[in-house]
Every structure is written in structure tokens, then in C-alpha cells.
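Everything below concerns the one structure shown next.
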There are 2 protein chains.
Amino acid sequence: MSLQSLPGAVAKKEPVAEMRSAKISESAVRRLSLYLRLLQEADSLGQETISSEELADRAGTTAAQVRKDLSLFGSFGKRGLGYAVSELLQEIREILGLNRSWRVALVGAGKIGSALITYRNFRTRGFHIEAVFDTDPDKVGKRWGTQTILDDTEMGSVLAGKRIEIAVIAVPADAAQGVVDRVVASGVSAILNFAPVRLRVPKGVSLRNVDMVVEMEGLAFALTSTER
Amino acid sequence: MSLQSLPGAVAKKEPVAEMRSAKISESAVRRLSLYLRLLQEADSLGQETISSEELADRAGTTAAQVRKDLSLFGSFGKRGLGYAVSELLQEIREILGLNRSWRVALVGAGKIGSALITYRNFRTRGFHIEAVFDTDPDKVGKRWGTQTILDDTEMGSVLAGKRIEIAVIAVPADAAQGVVDRVVASGVSAILNFAPVRLRVPKGVSLRNVDMVVEMEGLAFALTSTER
DNA sequence: TCGTGTGAACGAATTCACAGCG
DNA sequence: CGCTGTGAATTCGTTCACACGA
């Protein structure tokens, strides 16, 4: 990609995007996403350099963990100094694939969908919702943010036509698997699922679940086992 | 607790709630929550018994994993047969602390809060939202579901007065830490956070984060590293 | 015989500790 | 001298494999 086009960047040790795909753990990726956010904060406050320890403190992890995570992708720091905030920022954006925008569709125009579509962080991070679907005839045709709600029956063709890459599933649990199957058939290979079900996806399709009940039950367990 | 007061329960091998608190991993708890949901489905379909393998298939894990998870809390199966659905169901409810209801407060009456308060699964699982707070004078006093939105300034006294156990934080990122500090000061010791920040909580307070941007960035990473 | 329960083996992720570079 | 980058040590979680009981 356009890395060597930056004349000042020649000293960089690893070309990042070309790294051998040594399987990176999901938790490492989560932390990178978190580091990115913290770096953006630091950057907007004018901070120029940051140590693994400071980043770790803010992220709630250890300095060694931060360095290990980053070392999976290259050597971005300066020994004795730390990391250049804006540079590391850019590296992580590159690693996560955030230097481009992503075409997202939202399936299910209910409350959760509504929360998502108005969520500013989404758009500013490059996730563009380019289609919204629902089955409810009362909703179809209504405007939602910048989008008009489309009928569920149009989903397949629209997803394919717009070359949607990520689908957000915000439909009732019993409808979710059906939606996923159709969405995958239309070429989508990443899914964020809000329905409280375990979805099956073919190999090669990435799936993340956001399950509020599971989280609440985890809290209930923690409270239960702490008491006494 | 009132365990040995149940005369019929003597044959049970492990008293569950009295187990040594051998630290249970968060992922194990997540899976238990998932098993519970699957068992409820099976139960409502009239299925009487289930093997670790069947449960594993539905949960997307392995039979050994299911057995290990359950064995952390006792021996609930019958060799050669599997598990009695309704019995295991009840055991897991007991383990997770779901045989009682939990007093929950929602802080932030925005879109996410709105999604939560209308979310049926919440109430049916025993999580009762007993107070809703917001700072916006236009919202305060309005009815939301069964609740009237209360002013943020009342939060401390109401949380303490109602003996709220779990707080759901659905406020903007820059307000979240302040809210958490006050919530904790009012005796809440479990928090579900929807704000995109890393919150600091004192030891003894449980915290779970739901961070949609992190999940989306994880998907972006997966798509980026798969392509080519 | 079948499927659980579990020690033992394995593998993954985190932490340690230090060599090496700026 | 300070802080990164990284092998080595360790901890944690998962999988294996089989003895045992219904």
C-alpha cells in the first residue's frame, strides 16, 4: 500500500500491512482498538510522546502487554523515549484497517438500530451505514438519519449492489439466523450481532456478538460469588 | 446461606453456592450464560435430557469444554445418559445467581438506554430497572416505560435508598467516569458500561464493557487481514 | 455400553527480566 | 540512563483420553 510513498518513513523496521499473518488473538486486537482511542485522546491534547507504561496505565493493562501487542506488528518505539503519539496512532489505524471507510448495512430498524445509526463515533471511525432494512411495513419508506428504511425483501440485491462489507444484525433472536444466511449469501463477510442467539456462519465470515444479557448475568455471577 | 434447609437436596453431590471460590474465568461464566439460554430453549421444546456433546454443538464449543465448565461447580450429569435439562437449567440459574431479581438503575436516557428499557429479555431474566436518570431538563420528569426519568442530582440518594445493585452507564464518554464514581459511592458494586471509555473502578466492583466501536474495529481488522 | 467427570497434556496468552539501542 | 523489543518462564484456559458409574 502507500507506505513507501512517505519519504520520511524509510527507517521504519516493519512494513506492517505485509506482516506474515501470525494469528493475532482477539484480545490483542481489542486492546489495539483501545490503544488507538487513548492515543487519539492524547494526540488531541497535544501530547507528542508516550511510553508503554503510560499507555498501559490508561488502558488498564501492563507495559509489557502493550509492548508485546505492538511488537506483533513491528517496532514503532524509540528506546529510551517511548512512542511518538501521532505516528503510533497512524500505525494502529493501518493495522486495524481504518485508513479507509467500510460499507455497513443495518438490518433491523428497532431501538438498537436507532441507537447505532445516531452514534457519531461510528461514522467518524469510518463505518458508513449505507443501507437499513426492516420487515415492518410501517417502518419501510421512513427516513432514518440519512437513510430510507428499505424492505427486507430488497436486502439481497441491495447488499450485493452496494457491495456491503459489514452487516449489523439488530433483529429479534428468532429471525437472526435467517438474516445472517441471506446476508452471507449476498457477499457480506463480517457480522456484528446484537440478537441473543449463537449464530452459525461459514468459515471465512467474521462474527462478533454483543449480548447484553450475557454481560448482565456475568455481573450477577460476580455479585453472587462475592457476597457472603 | 439457606442451602441445607432444603431437605430434598441431600443427594446432590456439590452444594454449588458453597463451593470454594476457585476463580472462575470470565469466559467460563459467559459460556454458562449461553448454556442456560440453550437449555431454556431445549426445555421449552420439551426436551428432557441433553448430552454435553449436544449442548456443545449448540453453543459452538466442545463437549469436553462443557463438562469442564460444569464440573467447576459440581456433578450434574448422569453417566451414560447426559444431563436432565430442567435440572441443569436450575443448577446454572443457581450458579449465576439468577434465582432472585436484581435491582438495576439506568444512567442516561438516550438511545441506548431506550433500547435497554424496552428490552424484554432483561426483565424476564430478573433484571429490574428501578430508576432512570438523566441530566437533560427536557427529559427529566418524562415517563419511560414504567419509570419516570429522574434528575441526575437525585442519583446518589435514590441509588442508596433503593439499594440498587447494578448500574447501567449509557452516558457520553466524557461523563462516564464521573457517573461511575458517584454510583460506586452510592453502594453499587456492578456496572455495565456502554460508554466508549476505559473506566476505573475500585477493587470489589465488577465492570463489564459493551463497546461497539471496538467490535467493529475487530471486524475491520479481520477483513483487512483476510483480504489479499 | 454410553457419556460423565477429571487428571494430565497441551497450547495460548500474559508476565518476567534483561539485552540492546537511542 | 531509560525504555523498547523479545526470548524465556509462567500462568491460564482448552483439549485429550480414559477410569468409572448409571
Side-chain angles (χ1 to χ4, degrees), chain A residues 10-16 19-32 34-35 39 42 47-85 87-88 91-92 95 218, chain B residues 11-16 19-35 39 42 47-85 87-88 91-92 95 218:
Chain A
V10 283
K12 188 100 291 96
K13 279 180 192 145
E14 287 288 357
V16 176
M19 282 221 100
R20 227 16 56 240
S21 230
K23 65 278 174 220
I24 309 297
S25 74
E26 191 175 294
S27 39
V29 176
R30 280 213 163 73
R31 285 190 301 265
L32 284 178
L34 182 55
Y35 302 156
L39 287 165
Q47 186 172 353
E48 304 212 330
T49 146
I50 195 166
S51 67
S52 57
E53 194 179 0
E54 185 177 353
L55 196 44
D57 283 350
R58 301 197 190 179
T61 180
T62 66
Q65 181 75 81
V66 168
R67 295 199 299 273
K68 250 289 143 63
D69 288 341
L70 296 176
S71 79
L72 293 168
F73 299 96
S75 323
F76 310 121
K78 323 221 181 304
R79 295 180 192 221
L81 261 175
Y83 302 86
V85 171
E87 192 182 301
L88 184 54
E91 293 289 355
I92 296 180
I95 291 164
Chain B
K12 186 98 297 92
K13 279 180 193 143
E14 288 288 354
V16 176
M19 282 219 98
R20 232 2 68 239
S21 231
K23 64 273 172 226
I24 310 295
S25 74
E26 193 175 293
S27 38
V29 177
R30 280 214 161 73
R31 285 190 299 265
L32 284 179
S33 178
L34 181 55
Y35 302 156
L39 287 165
Q47 185 173 354
E48 305 211 329
T49 147
I50 195 166
S51 67
S52 58
E53 192 179 2
E54 185 177 354
L55 195 45
D57 283 350
R58 300 196 191 180
T61 180
T62 66
Q65 180 75 81
V66 168
R67 296 200 300 271
K68 241 311 136 62
D69 288 341
L70 296 176
S71 79
L72 293 168
F73 299 95
S75 323
F76 310 121
K78 323 221 180 304
R79 297 181 190 220
L81 261 176
Y83 303 86
V85 171
E87 191 183 301
L88 185 53
E91 293 289 356
I92 296 180
I95 292 164

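Lettering follows sequence order; numbering is per chain, from 1.
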- prompt: Does a side-chain N or O from S52(A) land closer than 4.0 Å to OP1 or OP2 of dT4(D), or not?
  reply: yes

R31(B) side chain near dT14(D) phosphate (N/O to OP1/OP2, under 4.0 Å): yes

- line: F76(B) CZ to dG3(C) C1', in whole Å, measures 17 Å

query: Rounded to whole angstroms, how far apart are NZ on K68(A) and P on dA13(C)?
result: 12 Å

message: Distance check needed: dA22(D) P versus L81(B) CG, whole Å only.
response: 11 Å

Euclidean distance, atom CG of residue D69(A) to atom C1' of dT4(D) [Å, nearest integer]: 14 Å

message: Working to the nearest 0.5 angstrom, can you tell me the gap between R67(A) CZ and E53(A) CD?
response: 9.0 Å

message: Expressed as a whole number of angstroms, how long is the span from L70(B):CG to dG5(C):P?
response: 7 Å

field: Toward the 5' end of DNA chain C, by each residue's nearest nucleotide, T62(A) or G80(A)
entry: T62(A)

message: Just so I know, are the side chains of T61(A) and Y35(A) near enough to count as touching, which here means a heavy-atom distance under 4.5 Å?
response: yes

- prompt: Under 4.0 Å: is that the gap between some side-chain N or O of Y83(A) and OP1 or OP2 of dG22(C)?
  reply: no

message: Between dG20(C) and R79(A), counting only base atoms on the nucleotide and side-chain atoms on the residue, is there a donor-acceptor pair under 3.5 Å?
response: yes

message: What's S27(A) touching, base or sugar-phosphate or nothing? Going by heavy atoms closer than 4.0 Å.
response: sugar-phosphate

Matching residue for V66(A) among D69(A), T62(A), L70(A) - test: side-chain contact (heavy atoms from CB on, under 4.5 Å): L70(A)

- request: Considering just the side-chain nitrogens and oxygens of S75(B), establish if one lies under 4.0 Å of OP1 or OP2 belonging to dT4(C).
  value: no

query: If we only count heavy atoms from C-beta on, is the Y83(B) to L39(B) side-chain gap below 4.5 Å?
result: no

query: Within the pair Q65(B) and dG13(D), is there a side-chain N or O less than 4.0 Å away from OP1 or OP2?
result: no

field: Whole-Å distance separating the CD atom of E54(A) from the C1' atom of dG2(D)
entry: 15 Å

message: Rounded to whole Å, how long is the line connecting atom CD of E53(A) with atom P of dC16(C)?
response: 13 Å

message: Surrounding CD of Q47(B) (heavy atoms of other residues, nucleotides or ligands, distance under 6.0 Å), is the total greater than 12?
response: yes

- prompt: Rounding to a whole Å, what distance do you find between R30(A):CZ and dA13(C):P?
  reply: 13 Å

